Asks: 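Here it is, the structure, as structure tokens.
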Amino acid sequence: MTEELFREDATLLECTASVTAADERGVQLDRTVFYPLGGGQAGDAGVLRLADGREIAVADTRKAPATDSAPAGVLHVLTDPAEAALLAPGTPVTARIDGARRQAHRRFHTATHLLCALVPHPVDGCSITAGYARLDFHMTEPLDKETLNAGIARLVAGAHPVRQRWITEAELDANPQLVRSMSVQPPRSESGLGRIRLLEIEGVDLQPCGGTHVANTAEVGAVIVTKIEKKSAATRRVVLGFAEPA
Ligand SMILES: [Zn+2]
């Protein structure tokens with residue numbers, strides 16, 4: 001089990017932690033600021049710093065599946081898998097993410113929520129990286145790039161607060177109006193006792209989401225639609241990019 005600090009605070013760049021497992025597949029910690037690939041959002045990269053100052057490069061982050069002996073966790077994938085030998089269980093480290101990569105993920109991820117608000121159709125697929133983001137909408141109507149760009153610019157200029165909160169499935173069941181107002185329906189656990197993380201962009205969008213976002217739409221900045229593709233008869237793909245040079 002890894003304490004997922006990024007779920008509560010997407011601005012955290014580093015934390016102290018202790019190694020719980022390490023092998024050629026990657027390293028697990030008791031707590032981390034590294035977001036693992038999931039929900040369409042790419043994993044973080046960064047470094048694990050040892051007490052003597054040595055830095056071990058983390059190329060990517062994935063979810064570690066549960067095993068017979070350990071619950072699911074977060075797997076820090078090392079650039080050089082052989083360096084796992086330096087990280088015996090119990091080793092203290094400072095885990096630090098690549099802040100520029102995270103900030104790009106936060107801006108693009110929040111921008112995809114703005115797109116969801118502008119395009120009221122179900123989402124078929126989603127990919128968020130540091131260089132671009134794309135959303136596939138299940139729809140047959142054409143989309144207009146200039147109209148979408150004007151919509152994104154309006155929502156960014158509107159400086160809408162972005163908030164997250166946890167809700168129990170029982171609370172959701174007691175509030176059908178809340179469920180109806182969501183642009184994406186929440187997943188349900190078999191037990192019916194799960195908690196769901198809701199992401200609300202005030203007055204704009206509400207949906208279950210576990211990713212990392214900016215705190216206000218103003219922080220999304222200059223994000224524009226770079227391409228609209230007809231992927232299939234019933235799929236329109238919208239690609240987002242940064243308007244400023246990288
Ligand atoms: Zn999200």
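We count ligands from 1, going down the list as the structure has it; atoms in each ligand are counted the same way. Predicted model only: the values in this text are computed from it and were never measured.
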Asks: For Glu171 and Trp166, test the side chains for any donor-to-acceptor distance below 3.5 angstrom and give the result as yes or no.
Replies: no

Asks: Is Glu14 salt-bridged to Arg49, cutoff N-O under 4.0 Å?
Replies: yes

Asks: Quick one: closest heavy-atom pair of His109 and Thr212, and the distance?
Replies: CB-O, 3.4 Å

Asks: Quick one: give me the number of protein N/O/S atoms under 2.8 Å from the Zn ion (ligand 1).
Replies: 4

Asks: Does the plane of the ring in Phe242 sit parallel, tilted or perpendicular to the ring in Phe108? Use 30° and 60° as the thresholds.
Replies: parallel

Asks: Are Asp44 and Arg106 ion-paired here, with the side-chain N under 4.0 Å from a carboxylate O?
Replies: no

Asks: Are any of the side-chain heavy atoms of Tyr35 and Gln41 separated by less than 4.5 Å?
Replies: yes

